Amino acid sequence: MGYEIKLSPYAKNTTIPYWKRPLPMQNFTFHNPTKIIFGRDTISSLQAEIPPSARVLVTYGGGSAERNGVLKQVREALKAHTFFEFGGIEPNPTYETLIKAVALGRTQKIDFLLAVGGGSVIDGTKFIAAAIPFAGEPWDLLAKRVPVTQAVPLGCVLTLAATGSEMNSGAVISKAATKDKLVFRHPLLHPAFSVLDPSVTFSLPPRQTGNGIVDAFVHVLEQYLTYPAAAPVQDRMAEGLLLTLIEEGPKALATPSDYEARANLMWAATMALNGVIGQGVPHDWSTHALGHELTALYGLDHAQALAIILLPNLSLRRAAKREKLLQYAARVWNLDISAPEEAIDQALQKTRDFFESVGVPTTMKGHGLTCDVEVCLAQLARHDRTALGEKGDLTLTQARQIFESL
Ligand code: NZQ
Ligand code: ZN
C-alpha cells in the first residue's frame with residue numbers, strides 16, 4: 001500500500017515509519033468563558049444572570065419565538081429588569097437591519113443584549129454588541145477587519161441547534177446591498193451565558209432541524225477531515241459528535257418533541273463549534289467559505305449551501321485528505337478500509353445520503369438552481385477567499401473545479 005495510518009483498534013500504529021507519523025499537536029491556549037445553562041425550564045434563570053441595574057435590549061427574529069412562547073418566558077424572567085425589544089432579525093442577518101438596532105441601543109443607553117433565537121439572531125446581536133460602542137462605520141469591523149476593542153455584553157436564549165454561536169466568539173453578517181456575507185470574531189463577543197432548553201426546539205420545522213444537523217456535521221468535518229495531527233482526543237470527540245448527529249438527527253425529525261434527541265442534538269451542535277474539538281489541530285473551513293458565496297448569491301440557507309459544496313470539495317482534495325478520509329470511513333461509517341479507494345467512495349456517498357435523508361439536498365439542481373461559475377469566482381476573489389483549506393492550497397483554480405461540478 002505504501003502507507004499505513006493510525007486506526008486503533010482497526011490497525012496498529014506501531015508500524016508507521018517515523019517520517020510518516022502525524023505532525024505533533026500544535027500548542028494552544030483555550031479559554032471559553034460562556035456559561036451554559038442547559039435543560040428544561042431553564043429560561044427563568046436569565047433573571048439571575050443579568051445585572052439587576054442593566055438596561056437590556058432583547059433581540060429576536062421573525063416571530064417564531066413569539067409563536068412558541070419563548071419570548072413570553074423571557075419577558076416573564078425579565079419583569080424586574082428594564083428592557084426594550086428589537087424583532088425582525090432575518091436569517092443570514094443583514095447589516096441593513098442590524099444597524100437599526102444599533103441606533104436603538106445607543107439612544108436607549110443599552111448595556112446588556114439578550115439574543116433570543118438561532119445563529120442569525122445571535123450573530124446579529126454580536127454585531128450590535130460590537131457596533132454600539134464603535135466610533136467609526138460598523139461595517140468596517142467586517143469589510144476592513146478593523147479589530148473590536150469594546151463590546152456590550154450579551155447573553156443568549158438558543159432556539160435552534162446548529163451554529164454553535166451560543167458558545168463561540170464568531171459571527172457571520174451579510175450586506176444585502178453588495179451581496180457580501182462576511183465573518184468576524186473577537187473574544188469580547190463570547191456570550192456571557194447561554195440558556196439551552198432543548199424543548200424550545202420542538203417547534204422547529206423539519207427544514208431547520210435538518211439544516212442544524214448538517215451545519216453541525218460540517219463544523220466537525222472542517223476541524224477533523226484535514227490531515228493527522230497526533231490528536232486522538234480531538235479525533236475521538238469529533239467522531240463521537242458525528243455519530244451522535246447520525247444517530248439522534250433522524251429521531252428528532254421523526255418525533256419533533258423527542259426531548260432526548262433534541263437535547264443531544266443541541267449539545268452536539270454546541271460542542272461542534274465551541275472550540276473544544278478544534279484545539280491543536282489543523283482546520284479546513286473551505287466548504288464554509290465557498291458556501292457563504294452560494295448563500296450570498298442564491299439565498300440558500302447556510303446548511304443548504306454547505307451540503308452542496310462539501311462533497312465535490314472533498315472529492316477534489318481526496319488525495320491530500322486521504323488518511324483522515326480513511327479514518328472517517330472506518331470509525332464513523334464502519335467501513336472496511338482494506339480496499340481504500342472504495343472505502344473513501346463509500347464514505348462520501350454515505351455522507352451525501354445522510355444529508356439527503358435529513359432533508360437537505362446536496363446539489364444545486366435539488367433547489368432548481370444552476371451555479372454561475374464566473375460570478376461565484378468573482379465573489380471569492382473580491383472577498384479574498386483565494387488560499388483556502390488546511391494548507392491554503394485551495395485557490396481559485398480548485399474553486400473553479402468545484403463550482404463547475406455543481
Ligand atoms: O426568524 P424566526 O421567526 O425566529 O424563525 C427562524 C428562522 O426562520 C426559525 N427558528 C429558529 N428557532 C425556531 C425557529 N422556528 C421554529 N421554532 C424555533 N425554535 O429558523 C429559521 C432559521 O434561523 P437561523 O437563526 O437563520 O438559523 P441558524 O441557527 O441555522 O443560523 C444560521 C446563521 O448562522 C450563521 C450562518 O451563516 C447563518 O447566517 N453561522 C454562524 C456561525 C457562528 N456564529 O459560529 C457558524 C456557522 O457556520 C454559520 O455560518
Ligand atoms: Zn456552519
Side-chain angles (χ1 to χ4, degrees), residues 34 43 59-71 73 87-95 97-98 115-127 142 154 156-175 180-186 189-191 194 196-223 252 256-257 262 265-266 269-270 272-275 278 283-296 299-307 309-310 360:
T34 302
I43 293 179
T59 53
Y60 55 93
S64 72
E66 194 78 78
R67 288 191 294 278
N68 63 14
V70 172
L71 269 175
Q73 293 183 61
I89 298 178
E90 63 279 77
N92 304 306
T94 64
Y95 167 82
T97 299
L98 300 169
V116 181
S120 294
V121 173
I122 300 174
D123 283 9
T125 306
K126 289 177 180 174
F127 177 77
L142 291 120
L154 72 141
C156 306
V157 176
L158 181 67
T159 66
L160 199 173
T163 65
S165 187
E166 65 278 6
M167 201 178 176
N168 70 39
S169 60
V172 191
I173 308 298
S174 300
K175 197 170 193 183
D180 295 320
K181 183 171 172 71
L182 303 178
V183 182
F184 84 130
R185 67 184 75 251
H186 192 275
L189 301 177
H190 262 290
S194 285
L196 275 56
D197 179 344
S199 67
V200 309
T201 64
F202 293 172
S203 59
L204 281 170
R207 168 171 154 192
Q208 298 304 340
T209 301
N211 279 348
I213 295 164
V214 168
D215 192 20
F217 200 92
V218 178
H219 291 163
V220 177
L221 293 188
E222 298 269 30
Q223 301 164 86
S257 58
R262 291 294 191 184
L265 274 189
M266 196 172 238
T270 301
L273 199 50
N274 66 359
H283 290 201
D284 184 338
W285 296 112
S286 59
T287 295
H288 272 70
L290 271 56
H292 287 335
E293 302 301 4
L294 290 190
T295 295
L300 289 163
D301 294 347
H302 171 61
Q304 292 174 340
L306 301 179
I309 296 287
L310 180 75
V360 185

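First listed ligand is number 1; within each ligand, the first listed atom is number 1. If you're wondering where the values come from, they're calculated on a predicted model, not measured in any experiment.
Assignment of Ala303 to the shell around ligand 1 is not supported, since no heavy atom sits closer than 4.0 Å. Residue Asn68 places a heavy atom under 4.0 Å from ligand 1. Note on ligand 1: Gly212 sits outside its first shell, no heavy atom being nearer than 4.0 Å. At a 4.0 Å cut-off, not a single heavy atom of Gly117 sits close enough to ligand 1 to count as contact. A heavy-atom separation below 4.0 Å is not found between Glu90 and ligand 1.
What sits closest to atom 44 (N) of ligand 1 on the protein, heavy atoms only, is Asp123 OD1, 2.7 Å. Summary of contacts: the protein heavy atom closest to atom 37 (O) of ligand 1 is Lys181 NZ, 2.7 Å. Of the protein's non-hydrogen atoms, Thr159 OG1, 2.8 Å is the one closest to atom 12 (N) of ligand 1. Annotation: atom 47 (C) of ligand 1 to nearest protein heavy atom, His219 NE2, 3.4 Å. Counting protein heavy atoms only, atom 24 (P) of ligand 1 is closest to Ser120 OG, 3.4 Å. In this structure, the protein non-hydrogen atom closest to atom 16 (C) of ligand 1 is Ser203 O, 3.4 Å. His302 NE2, 3.3 Å is the protein heavy atom nearest to atom 49 (C) of ligand 1. Of all protein heavy atoms, the one closest to atom 28 (P) of ligand 1 is Gly119 N, 3.7 Å.
One distance of note links SG of Cys156 with NE2 of His190; it measures 11.5 Å at 0.5 Å rounding.
With a heavy-atom cut-off of 4.0 Å, Ala162 touches ligand 1 through its side chain alone. Residue contacts with ligand 1 for Asn168 involve side-chain atoms from C-beta outward but no N, CA, C or O (heavy atoms, distance under 4.0 Å). Contact annotation for Asp301 and ligand 1: no heavy atom of the residue comes within less than 4.0 Å of the ligand.
Listed by atom number, the atoms of ligand 1 under 4.0 Å from Pro91 heavy atoms are 7 (C), 8 (O), 26 (O). Of all the atoms in ligand 1, the ones that sit under 4.0 Å from a non-hydrogen atom of Gln208 are 20 (O), 21 (C), 22 (C). Those atoms of ligand 1 with a heavy atom of Pro93 less than 4.0 angstrom away are 39 (O). Every atom of ligand 1 with a heavy atom of Leu273 under 4.0 Å away is listed here by number and element: 45 (O), 46 (C). Within the listing of ligand 1, atoms 48 (O) sit less than 4.0 angstrom from a heavy atom of His288. In the vicinity of Ser165, heavy-atom distances shorter than 4.0 Å reach the ligand 1 atoms 43 (C), 44 (N).
At least one side-chain heavy atom of Asp215 sits under 4.5 Å from a side-chain heavy atom of His288. Under the 4.5 Å side-chain criterion, counting only non-hydrogen atoms from C-beta, Asn211 is not in contact with His302. Contact check for Thr163 versus Ile122: no side-chain heavy atoms found under the 4.5 Å cut-off.
Close N/O approach between Ile89 and ligand 1 is not found [any backbone or side-chain N/O within under 3.5 Å]. For Gly170, a nitrogen or oxygen atom sits less than 3.5 Å from a nitrogen or oxygen atom of ligand 1, counting backbone and side chain alike. Taking distance alone, with nitrogen or oxygen atoms compared against 3.5 Å, Leu160 stays at or beyond that limit from ligand 1. For ligand 1, none of its N or O atoms has an N or O atom of Thr201 under 3.5 Å away. Taking only nitrogen or oxygen atoms, main chain and side chain alike, Gly62 reaches within less than 3.5 Å of ligand 1.
Ring planes of Phe127 and Tyr95: perpendicular class, angle over 60° (limits at 30 and 60°).
Taking the Zn ion (ligand 2) as reference, Asp215 places its N/O/S atom OD1 nearest.
Rounding to the nearest 10°, we obtain 100° for the angle at the Zn ion (ligand 2) between His302 NE2 and His288 NE2.
Formation of a donor-acceptor pair under 3.5 Å by the Ser194 side chain with backbone atoms of Glu166 is found in this model. Under the 3.5 Å distance criterion, the side-chain polar atoms of Lys126 are matched with a main-chain donor or acceptor of Gly170. Remark: the backbone N or O of Leu300 is paired with a side-chain donor or acceptor of Thr295 at under 3.5 angstrom. One N or O on the side chain of Gln223 and one on the backbone of His219 form a donor-acceptor pair closer than 3.5 Å. Between the side chain of Asn168 and the backbone N or O of Leu273, at least one donor-acceptor pair lies under 3.5 Å. No donor-acceptor pair closer than 3.5 Å links the side chain of Ser174 to the backbone N or O of Thr94.
Of the candidates Gly87, Ala216, Ser64, Ala296, it is Ser64 that places a heavy atom closest to atom 15 (N) of ligand 1.
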